[in-house]
Protein chains: 2
Amino acid sequence: MLALLLEVSGTPKPGNVDREREYEDLRFEHFLAGAVGALDGFELACTGAPVGQAFERAVAGMSHQRGGNTQFGAILLVTPLVAAAARGDCTPEGAQQVVAETTVDDAVYFYRAFDHVDVSVDDPPDGMETLDVRRGSEAESAIRERGLMLADVMERSADGDSIAAEWVTGFPRTFESAQALELSDGAITHRTSALFLALLAREVDTFVVTQHDTATALEVRDRARAVLEGEEDPYELAEELVQRDINPGTTADLVAGALFVALEDGLEV
Amino acid sequence: MLALLLEVSGTPKPGNVDREREYEDLRFEHFLAGAVGALDGFELACTGAPVGQAFERAVAGMSHQRGGNTQFGAILLVTPLVAAAARGDCTPEGAQQVVAETTVDDAVYFYRAFDHVDVSVDDPPDGMETLDVRRGSEAESAIRERGLMLADVMERSADGDSIAAEWVTGFPRTFESAQALELSDGAITHRTSALFLALLAREVDTFVVTQHDTATALEVRDRARAVLEGEEDPYELAEELVQRDINPGTTADLVAGALFVALEDGLEV
């Protein structure tokens with residue numbers, strides 16, 4: 001949970017809610033309450049409960065505040081890492097093992113989590129309407145008929161969602177980013193802000209693609225590069241993205257995941 | 001724990017760490033980590049464990065960050081309220097009952113909490129050196145010889161410490177402030193900032209008296225009044241107090257206590 005709290009406190013974090021920038025209806029305190037609410041689910045993951053069940057519990061807890069969907073993606077990324085850490089193996093292999101063990105029940109729990117909160121997602125491909133995640137628990141029979149495990153569900157989303165891609169490829173960006181955090185110096189909130197910008201400059205944010213379009217996501221990536229090259233001011237970019245309602249949420253989720261791993265590795269606050 | 005998180009996120013909060021103002025060695029993230037660390041102790045209080053033991057555990061957890069003493073006073077205020085809430089009676093009477101039931105063991109645990117962290121306190125009166133809280137667990141035999149219960153320890157400190165005064169008078173300022181929070185409108189962090197200023201304007205902050213002197217505490221109170229009367233800018237006062245290292249920490253603790261009660265009463269974030 002500290003990972004989620006530290007993530008939202010990093011500043012500046014162009015386009016996202018941080019300590020100094022918030023939206024009228026989505027404020028800093030909603031993220032605090034969301035992180036605290038998720039705790040029950042993370043504790044469930046620590047006890048060895050199925051990762052889908054822990055995820056659904058965490059999302060349900062997160063949703064008990066008035067800001068709406070604050071940390072769905074971050075919780076999705078962190079839950080298998082918590083489960084791996086509880087087994088004493090918070091490594092790419094340990095996390096991959098957790099993913100490999102997911103079942104059809106986990107997939108059903110995953111869908112159920114969408115009952116608690118509105119998540120911005122793309123329409124499903126033709127013929128896949130019964131598996132639209134927005135159906136939530138109503139998709140249960142379609143999932144069971146096809147015998148989809150949670151790992152399969154992630155596989156199907158990996159192209160358009162960086163968090164799902166992390167799930168099915170051994171969380172490479174998460175662990176790399178954790179290492180970058182551990183090797184950096186200074187105040188944690190500045191280190192996470194630097195990581196956020198570096199990630200944003202490297203790949204397009206899939207949430208921005210879903211929320212807006214690819215052109216916007218490419219623009220954001222290029223502007224983040226300009227910030228890194230000293231050609232743009234990060235605070236001005238932050239203000240502008242908030243004005244235009246462009247929120248690179250997936251990049252923030254990756255930072256939260258990296259923070260969790262780094263804290264597990266002994267990163268001191 | 002959410003109460004502690006929301007407290008530190010209120011802004012502006014003249015003289016204290018908030019989302020927009022921090023000290024070189026005492027930063028916002030230290031408060032986040034302190035609040036998360038305190039959780040184990042609060043959970044212990046929920047199970048009906050002795051309130052002194054829960055307090056010591058919370059302080060030990062809080063101290064696992066590099067900012068030093070972040071929330072000692074807030075934890076001292078909130079722990080008996082958590083215990084009262086766990087009994088379904090988070091009222092002045094319920095909290096008074098918790099205090100009345102404290103034992104000599106609770107007093108020993110309270111002293112032990114000072115082993116974990118440096119707390120700014122006054123020198124004890126002549127003849128009371130063996131009961132100096134800074135002796136921590138070494139004071140155990142002196143406490144046991146005198147048969148001091150935790151409520152007695154608070155009684156002795158009530159004159160110079162508003163948190164101890166809350167303990168022995170049924171938490172009047174805490175519950176009043178909770179009601180003020182519940183009746184106010186708008187974003188939580190603005191409501192807590194307004195409460196902070198109102199409390200600061202009403203009585204001297206005992207932490208400022210201890211850390212500096214009575215004249216400084218009176219000046220802070222009067223300047224807070226000037227802010228309320230529109231004669232001073234709260235942001236400028238906040239910057240000045242941070243510059244002068246004047247931190248009205250007891251007032252912040254009272255806000256945390258009020259937040260806990262208000263959240264228990266159903267305050268929505």
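In the text below, chain A, chain B and the rest are named by the order of the sequence lines, each starting its count at 1.
- Scanning both residues, A/Asp18 and B/Arg19, for their nearest heavy atoms gives O-NH2, 4.2 Å.
- Here the closest heavy-atom approach between residue A/Leu32 and residue B/Ser9 is recorded as CD1-OG, 3.1 Å.
- Crowding of B/Asp118 atom CG: a count of heavy atoms from other residues, nucleotides or ligands under 6.0 Å not exceeding 12.
- Options A/Thr11, A/Leu263, A/Val36 differ in how many heavy-atom pairs under 4.5 Å they form with chain B, and the most are formed by A/Val36.
- Going from atom CZ of B/Phe28 over to atom CG of A/Leu6 covers 9.5 Å, rounded to the nearest 0.5 Å.
- Contacts of B/Arg27 with chain A are made by side-chain atoms alone, with heavy-atom separations under 4.5 Å and no backbone atom involved.
- Interatomic distance, CG of A/Leu2 versus CD of B/Gln65, reported as 10.0 Å (0.5 Å rounding).
- Closest of all the heavy-atom pairs between A/Val269 and B/Glu29 is CG1-O, 3.6 Å.
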